[in-house]
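Here is the structure we will look at.
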Amino acid sequence: MIIMKKIFFVSALAVSLIVLSSCSDFLDQLSPSELNNSSVYNSTYYTGIRVNKIYGGLEQDRTYAQDLAILYGLNSDCELVDGLGDNATANSERGAMNYNVTTGYTKLNDVWTALYGVIEDCNDVIEGVEGSPLIKESGSDKTEMERYLGEALTIRALLYLDLIRIWGDVPMKFETSQPDLSNAYMEKTDRDVIMDSLLNDLDKAIEYLPWADGVTGYTTERVTKGYAYGLYAQIALTRAGYAIRESAKSGYETASEYSDPTYPTQRPDAATRKTLYEKALTHLSAIIESGVHSLNPSFENEWYLVNQLSLDQTYHENLYEIPMGLGVTGELGYTVGVRLNTTTSDYGYTNSSGKLKVTAPLLYSYDENDTRRDITCANFQIVGRDGAGTKSQEQLLGNAPFGIYVGKWDVRKMSDAWLTQNLAATAKQGTGVNPILMRYSQVLLYYAECMNELAGPDGSYTGDAGLTARQALALVHVRAFDEEYKAQAQAYVDAISNDDFFNAIVDENAWELAGEGARKWDLIRWHLLIPKIIEFKQNYLTELYDGTYQETLYYNYTDDTQTTIDTKSITYYGIPNGMKSSDYDASNSSFGKENDTQLNTNLPSISSGLIGTDVDNPLSGVDVINRYIFPIGETTMSASNGTLKNSYGY
């Protein structure tokens with residue numbers, strides 16, 4: 001098998017013995033590799049172990065434990081990699097996510113290899129199950145084997161969607177590797193052809209998969225019928241949207257602006273788009289009508305459960321979570337989340353919480369009564385009150401408009417098991433927090449988009465779930481407000497005009513999903529990535545000078561020991577009437593204080609590979625317009641025997 005390691009799509013990492021989340025049933029990882037395929041796929045037990053290996057492959061750092069969960073959804077208009085100034089052009093994730101990526105960035109090869117490695121495992125299961133005598137029989141063995149087939153088809157579709165998002169056209173390999181290398185070196189396939197095949201696969205998978213908790217032990221830590229429906233809609237909407245192309249496609253519409261003359265940004269014709277929206281709507285309606293998935297009435301509680309490593313088995317708001325293992329894997333809460341800036345006696349070992357940040361314009365875009373604001377935008381850090389190892393204290397960050405932490409992953413809300421582990425830790429430990437690949441609120445926003453496209457904000461349409469676009473949007477928006485403000489939130493949705501409704505969906509997408517790695521991909525298919533990043537920079541400058549931002553923020557603590565900030569007391573909108581600065585426990589400088597480094601170094605560097613460094617003249621100096629696509633890495637190309645070549649000016 002030494003030769004096989006040279007094949008560019010085969011994973012270099014074999015995932016076998018791995019401990020997963022305590023709420024997962026993937027602990028049985030004994031390898032059936034010494035059995036031939038006919039023996040493996042003649043047994044539901046060994047087939048199950050083989051499928052577990054697929055899930056294990058999703059836990060690698062170069063798949064969903066770190067890179068795809070945190071990095072590759074960057075940069076958008078409200079989410080940034082922590083690469084500013086010179087770091088924004090470095091040969092690292094900081095340069096890459098600012099769209100200054102080169103073929104020499106070595107992790108490109110690692111991510112490609114890891115994704116195709118898991119695809120290879122999926123192909124093995126798909127071929128093995130389809131050829132198994134068990135699936136041709138009747139009874140419980142047939143049902144179980146069909147479920148395994150549905151899982152492999154769904155995960156393969158997930159992996160190809162992410163390959164397409166990152167690289168555009170990629171090799172479509174739907175069969176296992178042959179020992180004679182006859183199918184080793186494959187050229188790219190048009191991404192639309194791949195996505196059409198994935199949609200067909202998912203319709204098959206949907207028939208085989210159970211709903212969440214519909215089978216004993218089958219939780220949202222496995223791909224379910226609901227997630228397969230949602231993934232179908234996600235791929236259909238991606239297929240209907242804009243994308244930069246290696247060359248112009250006949251019959252496709254070219255964007256009127258922000259499109260490169262050599263590598264045009266295009267989308268399918270109107271009739272094709274309508275069909276895709278109709279298909280997406282049908283699949284989204286199936287989720288809504290099932291009643292299996294719904295919104296947790298509390299946005300805060302849903303994220304509390306995530307941090308507690310506790311599945312939401314009441315509402316099933318999260319359609320699919322990739323199971324991580326406490327102390328073994330999981331970067332959420334360590335590489336992104338509320339910052340532990342020093343080791344403290346309250347929380348233990350420090351974290352980095354560094355790679356993913358959100359922005360001041362995002363924070364100020366929320367309604368002040370929207371509970372999502374302070375859960376998403378953690379404008380504070382936890383430090384040792386008197387130095388490392390001492391009792392903790394929360395402190396506001398200061399003038400860091402592009403460096404706000406994402407509070408959805410919050411050490412203050414993590415489990416007792418995590419705390420016990422972290423208090424004893426002297427180095428990084430896996431948090432075990434699951435990446436969430438789709439939430440029910442996302443389903444509702446997709447549904448609102450489809451309904452608005454097909455019937456407007458208030459119309460009905462064949463195949464809908466009995467909700468108008470406006471009603472679906474209201475479910476997401478109003479949920480975010482406490483009871484006393486829900487009428488106000490509903491009034492906001494009711495007042496949205498037909499012309500403004502799509503823009504309201506775009507806004508809600510940011511307020512609901514910021515930090516979760518979804519927004520960039522939606523902005524791309526809407527062809528809003530460039531204009532929204534430009535708008536973010538302009539908004540920052542406007543709000544800096546028009547008095548929106550405060551030069552100093554004052555705040556109180558909730559307790560006499562001054563440990564926990566009372567977030568409702570923070571003077572984001574100025575000191576309230578009847579109050580004065582001396583009424584507050586603490587203060588810090590904030591975004592309204594003009595800072596040369598923020599203005600002239602950091603701001604121009606953000607997403608500079610996509611829109612250039614001249615804030616007043618966007619796109620000046622950019623070689624290829626709308627080049628959000630990454631290049632294929634040098635090692636991957638050299639191992640492809642000449643079949644793979646880069647495009648887009650790389």
Side-chain angles (χ1 to χ4, degrees), residues 11 57-83 87-88 90-103 105-119 155 157-170 191 231 234-235 238 241 243-244 320 322 324 329-332 334-337 354-358 406 408-409 434-438 442 509 513-525 529 532-533 606-607 609-610 626-633 636 646 648 650:
S11 172
L58 304 182
E59 291 188 320
Q60 302 171 64
D61 283 349
R62 301 289 78 83
T63 57
Y64 296 92
Q66 183 176 146
D67 287 4
L68 273 70
I70 298 173
L71 291 174
Y72 281 82
L74 301 174
N75 280 354
S76 73
D77 57 337
C78 61
E79 303 148 318
L80 309 175
V81 72
D82 67 331
N87 285 327
N91 187 25
S92 68
E93 65 269 14
R94 291 173 171 86
M97 306 313 155
N98 278 297
Y99 305 99
N100 291 306
V101 64
T102 68
T103 59
Y105 175 44
T106 57
K107 285 186 180 178
L108 290 174
N109 308 297
D110 300 336
V111 173
W112 176 285
T113 299
L115 292 175
Y116 271 106
V118 186
I119 286 171
I155 292 174
L158 155 68
L159 295 163
Y160 266 108
L161 174 61
D162 279 329
L163 280 164
I164 287 166
R165 285 166 159 177
I166 298 168
W167 283 285
D169 299 343
V170 295
R191 74 201 73 173
L231 181 60
Q234 196 171 52
I235 292 172
T238 302
I244 190 172
Y320 176 45
I322 297 176
M324 298 288 134
T329 188
E331 293 280 335
L332 300 176
Y334 184 87
T335 303
V336 56
K355 298 289 178 65
L356 167 55
K357 300 296 198 311
V358 290
V406 182
K408 288 176 175 175
W409 300 280
N434 293 346
I436 301 164
L437 294 200
M438 189 173 294
Q442 201 169 356
N509 175 286
L513 301 171
E516 298 178 48
R519 183 162 178 80
K520 172 182 173 180
W521 311 120
D522 289 326
L523 291 177
I524 287 169
R525 64 184 180 83
L529 184 64
K532 279 294 181 181
I533 291 175
I606 295 169
S607 300
L610 184 70
N626 200 33
R627 188 171 69 178
Y628 60 83
I629 290 286
F630 279 23
I632 301 170
T636 302
N646 270 312
Y648 313 109
Y650 285 117

Please determine which of Asn509, Leu513, Ile436 meets the side-chain contact (heavy atoms from CB on, under 4.5 Å) test together with Gln442. Leu513
Please check if the side chain of Asp169 supplies one atom and the backbone of Arg191 the other of a donor-acceptor pair under 3.5 Å. yes
Sequence neighbours excluded, which residues qualify as side-chain contact (heavy atoms from CB on, under 4.5 Å) partners of Asn87? Arg94
Arg62 meets the salt bridge (charged side-chain N to carboxylate O under 4.0 Å, His left out) criterion, sequence neighbours left out, with Asp67
Measure the shortest side-chain to side-chain distance between Leu159 and Tyr64 over non-hydrogen atoms and say whether it is less than 4.5 angstrom. yes
Check the orientation of Tyr648 and Tyr650. Use parallel for under 30°, tilted for 30 to 60°, and perpendicular for over 60°. perpendicular
Can you name the ring-ring contact (aromatic ring centres under 6.0 Å, His included) partners of Tyr105, sequence neighbours left out? none
From CA spacing to verdict: side chain to side chain contact (heavy atoms under 4.5 Å, CB included), Thr636, Trp167: CA-CA 12 Å; Thr636 302; Trp167 283 285; over 6 Å; no
Are any side-chain N or O atoms of Asp61 and backbone N or O atoms of Gln66, one a donor and one an acceptor, separated by less than 3.5 Å? no
Could you pull out all residues at least two apart from Tyr334 that satisfy ring-ring contact (aromatic ring centres under 6.0 Å, His included)? none
Can you list the residues that meet the salt bridge (charged side-chain N to carboxylate O under 4.0 Å, His left out) rule with Lys355, with sequence neighbours excluded? Glu93
May I ask you to test the Leu231-Tyr320 pair for a side-chain heavy-atom distance under 4.5 Å? no
For Arg165, side-chain contact (heavy atoms from CB on, under 4.5 Å) partners two or more places apart: Leu161, Asp162, Gln234, Trp521
Treating Thr63 as the side-chain partner and Leu58 as the backbone partner, does any N or O pair qualify as donor plus acceptor under 3.5 Å? yes
Donor-acceptor pair, Glu79 side chain versus Gly515 backbone, under 3.5 Å? yes
Using atom types as modelled and distance alone, determine if a side-chain donor or acceptor of Tyr628 lies under 3.5 Å from a backbone N or O of Ile244. yes
Side chain proximity check, Leu523 to Ile533, heavy atoms < 4.5 angstrom: no
Give a yes or no answer on whether the side chain of Asn91 reaches the backbone of Thr102 with a donor-acceptor pair at less than 3.5 Å. no
